[in-house]
Enquirer: 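Below you will find the structure I want to go over with you.
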Amino acid sequence: MKKLETNLCKINYSESLEDLAKATVSLLNQKIKEFNLFFDISNNEQIIVNYFDNLEEFREFIYSIRGERDSLPEYARGTYDKGMINAFVNPKIQLKRLYTASHELFHILYMKCILNNDSSKRIVWYDEGMAQFMSGEKDYLTDDTFKDFYFNVREKTETIPQMNSLKHGKEFVNEDYNCYDLSYLSIKYLSEILNDIQFKNLMLDFSKIIQLGDNIIQKMFSYFDEKLESKIIKK
């Protein structure tokens, strides 16, 4: 593994992922500042990132950290074990995985600053939705691209899951729904119906998040159906 290190982060990476490693340094320089403001912290700890270009090596690394071989979902390509950002990345599409670093960093800071490292408090749909929303990975979805994304998710959602009870694995992503997409859309919906202060303070209100999660998919679908269909009519 090669290394690229600054005072803010240390990137350990397979040689074929050098472009991603360099881009990650620039991204984290920006996102660390944004997240410090969002969480009201001054985090000066060096962020460690481990990028693998071999899926089995990535999985074996995670197994060695966890001390077991059962909890890593088959679809997993990124984790935040031991406060580190860990990911398998195909070199051919490496820059498309750039936001894995900021996604996992949000998880790390949310676990540390909001959950006080108590994973039992974690509401998975909220945490996953926020990580996608705050990381910047979905910033490419604007206007028509967001509309296409939304209606594609809407069409492919065969059943509406019980969001508050979901854990990672087959119950999170399966043939009936993709809860990464549903979680992102739920947070996007909340960002539009809440003001900035309400949106930020929500992460501290676990009971409110659970209350919202009881029917958030139905409300989110109704909201975007009306909003996006209205835009179509106006055209």
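These numbers were taken from a predicted model, which means no experiment stands behind them.
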Enquirer: Given side chain to side chain donor-acceptor pair (under 3.5 Å), test T24 with Y51 step by step and report yes or no.
Expert: CA-CA 11 Å; T24 297; Y51 284 140; 2.8 Å; yes

Enquirer: Could you report the tightest heavy-atom contact between T142 and D139, atom names first, then the distance?
Expert: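 Smallest interatomic distance, heavy atoms only, reads CG2-O, 3.6 Å.
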
Enquirer: Would you say CD of Q218 has more than 12 non-hydrogen atoms from neighbouring residues, nucleotides or ligands within 6.0 angstrom?
Expert: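 Yes, enclosed.
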
Enquirer: Please go through I62's hydrophobic cluster and name the other residues, only I, L, V, M, F, W, Y counting, with side-chain heavy atoms under 4.5 Å joining them.
Expert: M1, I48, F52, L55, F58, F61, Y63, I65, L72, M84, F88

Enquirer: Please answer whether the main-chain N or O of D148 pairs with a side-chain N or O of N152 as donor and acceptor at a distance below 3.5 Å.
Expert: no

Enquirer: For L194 and Q198, work out which heavy atoms get closest and say how close.
Expert: CA-OE1, 3.5 Å

Enquirer: Quick one: pull up NZ in K147 and CG in L141 and give me the separation to the nearest 0.5 Å.
Expert: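 Going from the NZ atom of K147 to the CG atom of L141 covers 13.5 Å.
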
Enquirer: Answer yes or no: is there a side-chain heavy-atom contact under 4.5 Å between I123 and I210?
Expert: yes

Enquirer: So, are E171 and K167 salt-bridged, with charged N and O less than 4.0 Å apart?
Expert: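 Salt bridge absent between E171 and K167.
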
Enquirer: What orientation do F146 and Y150 show, parallel under 30°, tilted 30 to 60°, or perpendicular over 60°?
Expert: parallel

Enquirer: Using the test side chain to side chain contact (heavy atoms under 4.5 Å, CB included), find all partners of E45 that sit at least two apart in sequence or belong to another chain.
Expert: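 N43, K112.
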
Enquirer: Should Y140 and L95 be regarded as members of a common hydrophobic cluster, given that ILVMFWY residues are connected when their side-chain heavy atoms come within less than 4.5 Å of each other, either directly or indirectly?
Expert: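 Unlinked, Y140 and L95 end up in two clusters.
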
Enquirer: Kindly indicate whether the side chain of C179, heavy atoms from C-beta on, has any atom under 4.5 Å from the side chain of W125.
Expert: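 Side-chain contact under 4.5 Å: no.
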
Enquirer: Could you list the residues that satisfy side-chain hydrogen bond (donor to acceptor under 3.5 Å, both in side chains) with D214, not counting sequence neighbours?
Expert: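 By the side-chain hydrogen bond (donor to acceptor under 3.5 Å, both in side chains) rule, D214 matches N164.
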
Enquirer: To the nearest 0.5 Å, tell me how far L28 CG sits from Q46 CD.
Expert: 11.0 Å

Enquirer: Residues in side chain to side chain contact (heavy atoms under 4.5 Å, CB included) with T6, at least two apart?
Expert: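 For T6 the side chain to side chain contact (heavy atoms under 4.5 Å, CB included) partners, ignoring immediate neighbours, are L8, C9, V25.
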
Enquirer: Are V49 and I93 in one and the same hydrophobic cluster, where Ile, Leu, Val, Met, Phe, Trp and Tyr link if side-chain heavy atoms are under 4.5 Å apart?
Expert: no

Enquirer: Let me see the working for D181 and K156 under side-chain contact (heavy atoms from CB on, under 4.5 Å), right down to the final yes or no.
Expert: CA-CA 11 Å; D181 293 340; K156 290 184 177 180; over 6 Å; no

Enquirer: By side chain to side chain contact (heavy atoms under 4.5 Å, CB included), which residues pair with T159, not counting sequence neighbours?
Expert: D176, Y177

Enquirer: Side chain to side chain donor-acceptor pair (under 3.5 Å) for E192 and Y223? Distances and angles first, verdict last.
Expert: CA-CA 10 Å; E192 295 193 12; Y223 173 83; 2.6 Å; yes

Enquirer: Looking at CZ of F151 and CG of D225, how far apart are the two atoms once the value is rounded to the nearest 0.5 Å?
Expert: 6.0 Å

Enquirer: Any sub-3.5 Å donor-acceptor pair from S186's side-chain atoms to I216's backbone N or O?
Expert: no

Enquirer: For residues 14-34, which residue pairs pass the ring pair (Phe, Tyr, Trp, His ring centres under 6.0 Å) check, not counting sequence neighbours?
Expert: none

Enquirer: Which heavy atom of S135 sits nearest a heavy atom of S102, and at what distance?
Expert: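 That would be O-OG, 3.0 Å.
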
Enquirer: Please lay out, stage by stage, how E128 and R122 fare under the test salt bridge (Lys or Arg N to Asp or Glu O under 4.0 Å).
Expert: CA-CA 10 Å; E128 287 296 352; R122 187 185 185 214; 3.3 Å; yes

Enquirer: Mind telling me whether F149 and Y184 have parallel, tilted or perpendicular rings, with 30° and 60° as the class edges?
Expert: perpendicular

Enquirer: For a quick test of reading the model, state the closest non-hydrogen atom pair linking L109 to I41 and the distance between them.
Expert: CD2-CD1, 4.1 Å

Enquirer: Which atom pair, heavy atoms only, marks the closest approach of F172 to S183?
Expert: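 Here F172 and S183 meet closest at CZ-OG, 3.9 Å.
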
Enquirer: For residues 11-36, which residue pairs pass the salt bridge (Lys or Arg N to Asp or Glu O under 4.0 Å) check, not counting sequence neighbours?
Expert: K2-E18, E18-K22, K31-E34

Enquirer: Indicate the ring-plane relationship of Y189 and F224, choosing parallel, tilted or perpendicular according to the 30° and 60° boundaries.
Expert: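 Ring orientation, 0 to 90° scale: perpendicular.
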
Enquirer: Restricting to pairs with a member in residues 67-79, which pass salt bridge (Lys or Arg N to Asp or Glu O under 4.0 Å), not counting sequence neighbours?
Expert: E60-R69

Enquirer: Rounded to the nearest 0.5 Å, what's the gap from NE2 on H103 to CD on E137? Could you check?
Expert: 5.5 Å

Enquirer: Taking only residues two or more places apart in sequence or in another chain, which ones pass side chain to side chain contact (heavy atoms under 4.5 Å, CB included) with N201?
Expert: I197

Enquirer: Do the non-hydrogen side-chain atoms of R66 and T79 ever get within less than 4.5 Å of each other?
Expert: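 In contact.
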
Enquirer: Classify the ring geometry between F39 and Y110 as parallel (under 30°), tilted (30 to 60°) or perpendicular (over 60°).
Expert: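 Rings of F39 and Y110: tilted, 30 to 60°.
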
Enquirer: To the nearest 0.5 angstrom, please state how far the CD atom of E5 sits from the CD1 atom of I11.
Expert: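 Answer for the CD-CD1 pair, E5 versus I11, is 9.5 Å.
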
Enquirer: Any side-chain heavy atom of I187 within less than 4.5 Å of one from Q132?
Expert: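 The answer is no; the side chains never approach within 4.5 Å.
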
Enquirer: Would you mind listing every side-chain hydrogen bond (donor to acceptor under 3.5 Å, both in side chains) that reaches into residues 88-97, with sequence neighbours excluded?
Expert: R97-T100

Enquirer: Give a yes or no on whether the backbone of K208 and the side-chain of D205 come within a donor-acceptor separation of less than 3.5 Å.
Expert: yes

Enquirer: According to a hydrophobic-cluster definition based on side-chain heavy atoms being under 4.5 Å apart (Ile, Leu, Val, Met, Phe, Trp, Tyr only), do L37 and M130 belong together?
Expert: no

Enquirer: Of all heavy-atom pairs between G83 and I108, which one has the smallest distance, and what is that distance?
Expert: O-CD1, 3.4 Å

Enquirer: The criterion is ring-ring contact (aromatic ring centres under 6.0 Å, His included); which residues satisfy it with Y80, sequence neighbours excluded?
Expert: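 Here the qualifying residues are H107.
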
Enquirer: Got a sec, which residues hit side-chain hydrogen bond (donor to acceptor under 3.5 Å, both in side chains) with N7, two or more places apart in sequence or on another chain?
Expert: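 Expected list: none.
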
Enquirer: Distance check, rounded to the nearest 0.5 Å: K188 atom NZ versus I193 atom CD1?
Expert: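 K188 NZ to I193 CD1: 13.0 Å, rounded to 0.5 Å.
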
Enquirer: Could D40 and K200 be called an ion pair, given the rule that one side-chain N must be under 4.0 Å from one carboxylate O?
Expert: yes

